[in-house]
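Both backbone and side-chain heavy atoms feed into the values below; hydrogens, waters and symmetry mates do not.
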Amino acid sequence: VETKKEEDATKLELGQFKMTKNSFSFVWAGQTIDIIDKNLVSNFPTTGVLDPRDSGKIIYSLYEDSPDPFVVNTVYSYSINTKKSEKIFSKTIDSATLDLFGLDGNKLVLWSRAIDNSPGPCYSPVIKNNASLYYLDLNNVSAGLTHYEPPVSVLEQVQKDAEQCLREM
């Protein structure tokens, strides 16, 4: 299990997909990127990250139900230039999804969440149990998933964000 030093950033990087009546786009660090891929629009992921190895690509994850109770979880890379998606990783899991949690350097952090778990808007998987966090090393995707231990600074920031969210409800 890898840990990070305190001087590292307090938040994992994560962008948002946005859909309006006439457009579909990805927002990353204040930059809006228009999306054309019809597969991406029809499946509508909610979060993604800009690929740290190639700023012309967006990485996102989707899941689809397969015969009960299994779920097929797939990570894709969308090329901004070609407007096409390519599968870079796939894993079938019993009754769980792999939700994109953020980017830590070249580590794509994923949250393994029970399919029937809807924890609410202020919840983060690092608040109570890091056991459900994994990462995919984007430089060695074939190595598969590895348990992810967030740095203390991320744990502290997530707790503050959750407390603020609860106050605003």
Side-chain angles (χ1 to χ4, degrees), residues 1-6 8-19 25-31 33 35 40 43-55 57-65 71-78 85-166:
V1 176
E2 295 184 27
T3 58
K4 294 187 79 174
K5 297 178 184 168
E6 285 306 306
D8 291 339
T10 59
K11 289 192 175 194
L12 299 176
E13 298 176 88
L14 190 62
Q16 299 291 319
F17 285 95
K18 305 280 184 189
M19 183 179 283
S25 59
F26 178 69
V27 180
W28 178 266
Q31 175 187 7
I33 302 165
I35 305 293
L40 202 64
N43 289 309
F44 190 58
T46 56
T47 60
V49 297
L50 205 58
D51 191 328
R53 303 160 304 158
D54 181 348
S55 62
K57 293 185 177 180
I58 300 168
I59 297 174
Y60 64 96
S61 66
L62 295 173
Y63 67 90
E64 60 185 84
D65 294 327
V71 179
V72 178
N73 296 272
T74 308
V75 176
Y76 294 92
S77 175
Y78 171 79
S85 295
E86 171 187 353
K87 178 170 52 171
I88 60 173
F89 178 79
S90 185
K91 184 167 182 72
T92 301
I93 302 175
D94 185 2
S95 301
T97 65
L98 287 175
D99 297 333
L100 191 57
F101 189 70
L103 183 66
D104 181 358
N106 283 324
K107 294 177 184 174
L108 185 68
V109 182
L110 301 158
W111 172 28
S112 179
R113 178 182 59 85
I115 197 75
D116 60 356
N117 180 7
S118 181
C122 298
Y123 180 80
S124 172
V126 301
I127 292 174
K128 295 190 179 193
N129 183 0
N130 298 332
S132 62
L133 290 176
Y134 297 90
Y135 73 88
L136 190 61
D137 183 343
L138 294 175
N139 291 325
N140 187 14
V141 174
S142 63
L145 297 173
T146 303
H147 180 259
Y148 177 76
E149 186 68 37
V152 172
S153 58
V154 168
L155 296 173
E156 291 170 350
Q157 185 61 48
V158 165
Q159 185 65 42
K160 287 178 189 173
D161 291 348
E163 290 168 3
Q164 178 68 29
C165 176
L166 288 171

> Where is the tightest heavy-atom contact between Phe89 and Gly144, given as atom of each residue plus distance?
Replying inline: CE1-CA, 4.0 Å
> For the atom pair OG (Ser77) and CZ (Arg53), what is the distance rounded to the nearest 0.5 Å?
Replying inline: 7.0 Å
> Say you draw a straight line from NZ of Lys107 to CG of Leu136; how long is it, rounded to the nearest 0.5 Å?
Replying inline: 12.0 Å
> Considering all heavy atoms of both residues, which atom of Ser85 and which atom of Tyr78 are nearest to each other, and what is their separation?
Replying inline: OG-CD1, 3.6 Å
> Leu103 versus Ile59: any side-chain heavy-atom pair under 4.5 Å?
Replying inline: no
>> Let me confirm one number: the CD1-NZ distance from Ile88 to Lys57, rounded to the nearest 0.5 Å.
In response: 9.0 Å
>> Given Lys87, which partner from the list Thr74, Leu62, Val75 fulfils the side chain to side chain contact (heavy atoms under 4.5 Å, CB included) test?
In response: Thr74
>> Testing the basics here: between Val49 and Leu100, what is the closest heavy-atom pair and its distance to 0.1 Å?
In response: N-CD2, 4.1 Å
>> Ring-plane angle category for Tyr76 and Tyr60, please: parallel below 30°, perpendicular beyond 60°, tilted otherwise.
In response: parallel
>> Evaluate Leu110 against Asn73 for side-chain contact (heavy atoms from CB on, under 4.5 Å), listing each step before the verdict.
In response: CA-CA 11 Å; Leu110 301 158; Asn73 296 272; over 6 Å; no
>> If I compare all heavy atoms of Gly105 with all of Pro52, which pair ends up nearest, and what's the gap?
In response: O-CG, 3.5 Å
>> Given 3.5 Å as the limit, does a donor-acceptor pair link the side chain of Asp104 with the main chain of Gly102, or not?
In response: no
> Heavy atoms, side chains only, cut-off 4.5 Å: are Thr92 and Val72 in contact?
Replying inline: yes
>> With heavy-atom distances below 4.5 Å as the criterion, would you say the side chains of Leu98 and Leu145 are in contact?
In response: yes
> Pick one: which of Asp137, Leu138, Leu133 meets side chain to side chain contact (heavy atoms under 4.5 Å, CB included) with Tyr135?
Replying inline: Asp137
>> Would you compute the distance between atom CG of Asp51 and atom CH2 of Trp28 and round it to the nearest 0.5 angstrom?
In response: 9.5 Å
